[in-house]
Student: 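Please find one structure pasted underneath; my questions will follow.
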Amino acid sequence: MARVVLAMSGGVDSSVAGHLLRSAGHDVIGLFMRHGHAAAENCSDAAASPLPILPARASNKQGCCSVGDAADARRVADRLGIPFYAVNFEEHFDRIIDYFVDEYTAGRTPNPCVMCNNWLKFGKLCDYADQVGAKFVATGHYARLDRSDPADEYPVLRRGVDPGKDQSYVLFGIDRAVLSRILLPIGGHCKDEIRSIARSLGLRVAEKKDSQEICFVPDNDYAALVQRRHERRGAAADDLAGELVTVEGDVIGQHAGIHRYTIGQRKGLGVAMGEPRYVVRLEAESRRVVIGTREQLVRHEFTAGRSNWICDHGDRPFACTVQIRYSAVAVPATVTPLPEGRLHVALDVPRTGIAPGQAAVCYDGDRVLGGGWIE
């Protein structure tokens, strides 16, 4: 079988992925992607590694990239009998944090997980795989790659079988040509099965909770991170503050920064108007947060840009289902390709909370077709 570089996070999913790959006969190399400085004590065979292993650091927490997570990943690798390396991705990851800050300060809602997959896990990680002669890169994502039809030039990306854990949405932006290098071992399993396998192997991560945080925001205070980074660029402390206004243009208050709001938000508006109000629009140039009723939040159509397609779709309108957020249900729609990598989406069922900056991902049944970024 083939040599495979496995992205190990120290969680149960990537740990069981390593076991499944080993059971299939693959030569597996475990790799922990450190978003800060990797602790040397969490790296086995550091001297022999062709990858950039960094010295220890006093801090032991950085989102899902803590020293504890690295230690869990190393213990699993030892148990599975595979080599393990902790690799510094801090320089590359700064690009994702910059994107995160840029989107929020521009009044959009970013999706750093999609960008991490596009740029790092299935971008830079493939470069590291080349360094160690690995044919494939693997992760613990709940999605599937269907290679059953020899007529398909590339594997078909499908939803994971566990509807509650499916992660195909965050994989839509992968370069189509890279799909042939990817393995997703757990996509055909449900979460309960994965935990059961981990217990049978005696892995201490079997009951480890899934990370609910953005990995570079360990305290979950994303607004404070955006504020710090924005000020570090030379902006004034109140540069993102502005007026809270109604759809009709009436000023009803002040806010501390547009980066603290997203389309569809109801809580934390700081105003009482007798009936629920929601954020319906963010105006970056004027720094206005516009609020309105739920009816004013409803949209029947939208456009998206910077599209990425992982199957042939042609240039004519086509019917599919479209998912507008990671946790949203895909709804029937008609998608019309537009020039310059844009697309128009006409929804059969109107939706609320369609936020610029989020991904709109198109499906044919459980097959991922591609998608773009909501404008």
Student: What orientation do Phe318 and His313 show, parallel under 30°, tilted 30 to 60°, or perpendicular over 60°?
Tutor: tilted
Student: Let me confirm one number: the SG-CG distance from Cys311 to Leu179, rounded to the nearest 0.5 Å.
Tutor: 10.5 Å
Student: Determine whether a donor-acceptor pair (N or O, by modelled atom type, separation under 3.5 Å) exists between the side chain of Arg3 and the backbone of Val132.
Tutor: yes
Student: Quick one: do the Tyr326 and Asn111 side chains pair a donor with an acceptor below 3.5 Å?
Tutor: no
Student: Is there a path of hydrophobic side-chain contacts, each under 4.5 Å between heavy atoms, that joins Val349 and Val298?
Tutor: no
Student: When clusters are formed by joining ILVMFWY residues with side-chain heavy atoms under 4.5 Å apart, either directly or through shared neighbours, do Leu343 and Val368 land in the same one?
Tutor: no
Student: For residues Ile197 and His19, report the shortest heavy-atom separation together with the two atoms involved.
Tutor: CG2-CD2, 3.7 Å
Student: Assess the side chains of Asp239 and His230: does a donor N or O sit below 3.5 Å from an acceptor N or O?
Tutor: yes
Student: Any luck finding a side-chain donor-acceptor pair between Glu243 and His255 under 3.5 Å?
Tutor: no
Student: Hydrophobic clusters here meaning ILVMFWY residues chained together by side-chain heavy-atom distances under 4.5 Å, can you tell me if Val280 and Ile354 are in one?
Tutor: no
Student: Do you know the tightest heavy-atom contact between Thr334 and Pro317?
Tutor: CG2-CB, 4.1 Å
Student: May I ask whether Tyr261 and Ile214 are part of the same hydrophobic cluster, defined by side-chain heavy atoms of I, L, V, M, F, W, Y residues being less than 4.5 angstrom apart, directly or through others?
Tutor: no
Student: Taking Val329 as the starting point, is it possible to reach Tyr363 by hopping between hydrophobic residues whose side chains are less than 4.5 Å apart?
Tutor: no
Student: Are the side chain of Ser14 and the backbone of Ser9 linked by a donor-acceptor contact shorter than 3.5 Å?
Tutor: yes
Student: So does Arg325 get a backbone contact from the side chain of Gln323, meaning a donor-acceptor N/O pair under 3.5 Å?
Tutor: yes
Student: Mind checking whether Trp373 and Phe172 have ring centres under 6.0 Å apart?
Tutor: yes
Student: Do Asp130 and Lys135 sit within salt-bridge range, that is, some charged N less than 4.0 Å from a carboxylate O?
Tutor: no
Student: Under a 4.0 Å N-O cut-off, is there an ion pair linking Arg176 with Glu153?
Tutor: no
Student: Are Lys191 and Asp13 close enough for a salt bridge, meaning some N to O gap below 4.0 Å?
Tutor: yes
Student: For a quick test of reading the model, state the closest non-hydrogen atom pair linking Phe302 to Ala360 and the distance between them.
Tutor: CE1-CB, 3.7 Å
Student: So do Met1 and Leu21 actually touch side chain to side chain, heavy atoms under 4.5 Å?
Tutor: no
Student: Name the orientation class of the two ring planes belonging to Phe100 and Phe216 (parallel below 30°, tilted from 30 to 60°, perpendicular beyond 60°).
Tutor: perpendicular
Student: Tell me if a side-chain donor or acceptor on Lys208 pairs with a main-chain N or O of Gly10 at a distance below 3.5 Å.
Tutor: yes
Student: About how many Å separate OG1 of Thr139 and CG of Leu171, when rounded to the nearest 0.5 Å?
Tutor: 7.0 Å
Student: Any salt bridge linking Glu285 with Arg287? Criterion: basic side-chain nitrogen under 4.0 Å from a carboxylate oxygen.
Tutor: no
Student: Working to the nearest 0.5 Å, report the span between CG of Leu145 and OG of Ser148.
Tutor: 11.5 Å
Student: Given 3.5 Å as the limit, does a donor-acceptor pair link the side chain of Gln167 with the main chain of Tyr142, or not?
Tutor: yes
Student: Using the ring of each side chain (for Trp, its six-membered ring), is Phe136 parallel, tilted or perpendicular to His26, with breaks at 30° and 60°?
Tutor: perpendicular
Student: If you compare all heavy atoms of Val28 against all heavy atoms of Leu6, which two are closest, and at what distance to 0.1 Å?
Tutor: CG1-CB, 4.0 Å
Student: Is there a donor in the side chain of Ser196 and an acceptor in the side chain of Glu193, or the other way round, less than 3.5 Å apart?
Tutor: no
Student: Is any side-chain N of the basic residue among Arg181 and Asp175 closer than 4.0 Å to the acidic one's carboxylate O?
Tutor: no
Student: May I ask you to test the Arg204-Arg75 pair for a side-chain heavy-atom distance under 4.5 Å?
Tutor: yes
Student: I'd like to know if the side chain of Asn308 and the backbone of Ile174 have a donor-acceptor N/O pair within less than 3.5 Å.
Tutor: yes
Student: Which pairs, with at least one residue in residues 346-360 and sequence neighbours excluded, count as a side chain to side chain donor-acceptor pair (under 3.5 Å)?
Tutor: none
Student: Is the shortest side-chain heavy-atom distance between Asp98 and Arg233 below 4.5 Å?
Tutor: yes
Student: Using modelled atom types only, decide if a donor and an acceptor are shared between the side chain of Gln265 and the backbone of Lys267 within a distance under 3.5 Å.
Tutor: yes
Student: Hey, is the main chain of Ala2 close enough, under 3.5 Å, to the side chain of Asp27 for a donor-acceptor pair?
Tutor: no
Student: Does atom CD of Glu91 have more than 12 heavy-atom neighbours, drawn from other residues, nucleotides or ligands, at distances under 6.0 Å?
Tutor: no
Student: Measuring from atom CD1 of Ile82 to atom CD1 of Ile29, what distance do you get when rounded to the nearest 0.5 angstrom?
Tutor: 9.0 Å
Student: Where the side chain of Arg144 meets the backbone of Arg159, is there a donor-acceptor pair that is under 3.5 Å apart?
Tutor: yes
Student: Contact between Val290 and Glu283 at the side-chain level, heavy atoms closer than 4.5 Å - yes or no?
Tutor: yes
Student: Of the non-hydrogen atoms in Ala284 and Ala106, which two are nearest, and what is the gap between them?
Tutor: CB-O, 3.3 Å
Student: For the residue pair Thr262 and Val279, establish whether any side-chain heavy-atom pair is separated by less than 4.5 Å.
Tutor: no
Student: Do Tyr128 and Tyr85 have their ring centres less than 6.0 Å from each other?
Tutor: no
Student: Just wondering, do Lys165 and Asp210 contact through their side chains at under 4.5 Å, heavy atoms?
Tutor: yes
Student: Atom CG in Leu120, atom SG in Cys126: separation rounded to 0.5 Å?
Tutor: 11.0 Å
Student: Find out whether the Lys NZ or Arg CZ of Arg95 is both under 6.0 angstrom from the six-membered ring centre of Trp119 and within 45° of the ring's axis.
Tutor: yes
Student: Verify, without hydrogens or angle tests, whether Asp152 (side chain) and Tyr154 (backbone) share a donor-acceptor contact under 3.5 angstrom.
Tutor: no
Student: To the nearest 0.5 Å, how far apart are SG in Cys116 and CE in Met33?
Tutor: 5.0 Å
